[in-house]
Amino acid sequence: MTLAQDGGTPVRRAAWPSWPPPATQEQRDLLLEVLDSGAWGATSGTKVNEFTEAFTRSVGASYGVSVVNGTVALFLALRALGVGRDDEVIVPAYTFVASATSVVLAGARPVIADVTPDTLHLDPVAVGRLIGPRTKAIMPVHLAGAPADVEALRQYGVPIVEDAAQAHGATRHGRPVGTLGDAACFSFQSSKAMTAGEGGLIVTDDEDVYRRLWAFHNVGRSLEGGWYEHPDVGWNLRMTEFQAAVLIPQLAALDEQVATRERSVGFLRKQGLDILPEPVGTTRSSHHLALVRYEPRAYGGRSKADFIAAMTAEGIPLDSGYRSLSREDALRPYSDLQPCPVGEAAGDSIVWIRQSLLMADEEDLADIVTATVKVQQAFSRR
Ligand SMILES: *Cc1c(COP(=O)(O)O)cnc(C)c1O
């Protein structure tokens, strides 16, 4: 069969489910309620508080603070745990660049540690080699919605900030992501499993950390103090009532959406796709993405970029994903950027199936498999 990129018929012409899903009536109603109320900011309205409390409760954490985005959530969590100038924070090589740039924002140095080959999560052994007197925090990332092994990082006795930007609703040994470390950060950016276009939220069980988070996100004010009293240095990083209005109804939809993606990943695995496994101890992944291993040898030696281009022409838009942070030259002034062979190999070989595709039903998902086989056969023939 001729590949679509060579003039053949594409496997699929139909669209994939949109993400975010179409707005619900409840979202429209809440949004209009905020608009008409004139209380658009969190300090005048009630929706941000309502959402923060509901989300925090769903995670099983004691305290939560909603902010403008996930990057800022990480920055605030680090600051609230005492990370500052010339401190070091260990982050995994295979993650979104914000895991490292949030450390830079806090004035500290990101130390990039390699990941384990099976899950691409922070490798506890690599962390052990990089721990030093300046290490003030470790930031495991729940990559693709699969909970990282946070217990294995506890042995180092350093505060842990969970980057849970991709892991809404995930659990490890039955415990929700967000309660595994000292603070955890979620994102509500457009691509995430819950979204308001932008947004972020930090949860913690530590009241002192909460008080600092609250002050930092609210111009240095204190919970009990007045509007023009600023016992701390802080910034206006508050979420708006509009964001909260869009987010509130999504909490109830999350479980079913996660279940849909779980079924999709199970189906694709059964059909032979080499999707990375979840770490041992995972009781629920949010399956934000499916990370697929691409083996050039099985495709006539053709590159990952060639594969993605051919699949996209077949109507299956795949993503190339991250490059290892050890190769992000922009970080060089802030980090030593030692080689991370596993993270670098992942950047060269991992292909992403994004969330919107995972929301499709089995008939649609079968197109991914059909196109993969078609491209594989065509590449191997040449
Ligand atoms: C999305 C994301 C962030 C940053 O969140 P924003 O809301 O986009 O600032 C941080 N870490 C990871 C792993 C992410 O996927």
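Remember, it's a predicted structure, so these values are computed and weren't measured experimentally.
A 4.5 Å side-chain heavy-atom check between D182 and D206 finds every atom pair outside the cut-off. Annotation: side chain of M359 is in contact with side chain of W19 (closest heavy-atom distance under 4.5 Å). Side-chain contact check for R172 versus D149: some heavy-atom pair is nearer than 4.5 Å. Put simply, the side chain of T119 does not reach to within 4.5 Å of the side chain of E278, judged on heavy atoms. Here the side chains of E33 and K47 are in contact, with some heavy-atom distance below 4.5 Å. Between F51 and Q243 there is no side-chain heavy-atom pair separated by less than 4.5 Å. For the pair Y299/D306, no side-chain contact is recorded, criterion being any heavy-atom separation below 4.5 Å from C-beta on. Between V68 and T240, the closest side-chain pair of non-hydrogen atoms is not below 4.5 Å.
Remark: side-chain polar atoms of T204 are not paired, donor with acceptor, to backbone N or O of Y210 under 3.5 angstrom. Using modelled atom types, one side-chain atom of T179 and one backbone atom of P176 make a donor-acceptor pair closer than 3.5 Å. A distance-only check finds a donor-acceptor pair linking the side chain of E162 to the backbone of L180 [under 3.5 Å]. The closest donor-acceptor contact from the side chain of S285 to the backbone of G145 lies under 3.5 Å. A distance-only check finds no donor-acceptor pair linking the side chain of D336 to the backbone of Q338 [under 3.5 Å]. Not one N or O on the side chain of D118 forms a donor-acceptor pair closer than 3.5 Å with the backbone of L276.
Between the CG atom of L201 and the CZ atom of F55 there is a distance of 5.5 Å, given to the nearest 0.5 Å. Taking CG of L251 as the reference point, atom CE of M194 lies at 4.0 Å (rounded to 0.5 Å). L247 contributes atom CG, which lies 7.0 Å from atom OG1 of T195 (distance to the nearest 0.5 angstrom).
A 6.0 Å sphere centred on CZ of R134 holds no more than 12 heavy atoms belonging to other residues, nucleotides or ligands. For OH of Y156, the number of neighbouring non-hydrogen atoms (other residues, nucleotides, ligands) closer than 6.0 Å is greater than 12.
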- Message: Run the side-chain contact (heavy atoms from CB on, under 4.5 Å) test on I353 and L318 for me, step by step, so that the C-alpha distance in whole Å, both residues' side-chain angles and the decisive distance to 0.1 Å come before the verdict.
- Response: CA-CA 6 Å; I353 303 176; L318 300 175; 3.8 Å; yes
- Message: With side-chain contact (heavy atoms from CB on, under 4.5 Å) as the criterion, how do L81 and K136 come out once you've worked through the C-alpha distance, each side chain's angles and the decisive distance to 0.1 Å?
- Response: CA-CA 8 Å; L81 288 168; K136 287 287 159 59; over 6 Å; no
- Message: Determine whether D163 and V91 satisfy the following criterion, side-chain contact (heavy atoms from CB on, under 4.5 Å), listing intermediate values before the conclusion.
- Response: CA-CA 10 Å; D163 181 339; V91 303; over 6 Å; no
- Could you walk me through whether V97 and L325 pass the side-chain contact (heavy atoms from CB on, under 4.5 Å) test, one step at a time? CA-CA 7 Å; V97 72; L325 291 186; 4.2 Å; yes
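What you find for S326 and S324 is that their closest heavy atoms are OG-OG, 2.6 Å. Of all the heavy atoms in G82 and D87, the pair that sits closest is O-OD2, 3.6 Å. Heavy-atom minimum distance, S286 versus Q166: OG-O, 2.9 Å. What you find for G70 and S187 is that their closest heavy atoms are CA-CB, 4.0 Å. Scanning all heavy atoms of the two residues, the minimum distance from F186 to A164 falls at CD2-O, 3.4 Å.
With sequence neighbours excluded, no residue forms a ring pair (Phe, Tyr, Trp, His ring centres under 6.0 Å) with W16.
Alongside V219, the hydrophobic cluster contains no other residue (criterion: ILVMFWY side chains under 4.5 Å). Hydrophobic cluster membership for W40: L31, L32, V34, L35, F242, V246 (Ile, Leu, Val, Met, Phe, Trp, Tyr linked by side-chain heavy atoms under 4.5 Å, directly or transitively).
When hydrophobic clusters are built by joining Ile, Leu, Val, Met, Phe, Trp and Tyr residues whose side-chain heavy atoms come closer than 4.5 Å, directly or via intermediates, V351 is grouped together with F267. Both V158 and I160 are assigned to one and the same hydrophobic cluster, defined by single-linkage of ILVMFWY side chains at heavy-atom distances under 4.5 Å.
Put simply, the residue from V11, V292, L357, V373 that forms a side chain to side chain contact (heavy atoms under 4.5 Å, CB included) with I368 is L357. Among the candidates K374, R13, Q5, the single residue satisfying the side-chain hydrogen bond (donor to acceptor under 3.5 Å, both in side chains) test with E314 is K374.
Under a 4.0 Å N-O distance rule, the pair R323/D329 does not qualify as a salt bridge.
Centroid-to-centroid, the aromatic rings of F307 and F379 stay 6.0 Å apart or farther.
Checked by atom type, the side-chain pair D205/S62 shows a donor-acceptor distance below 3.5 Å.
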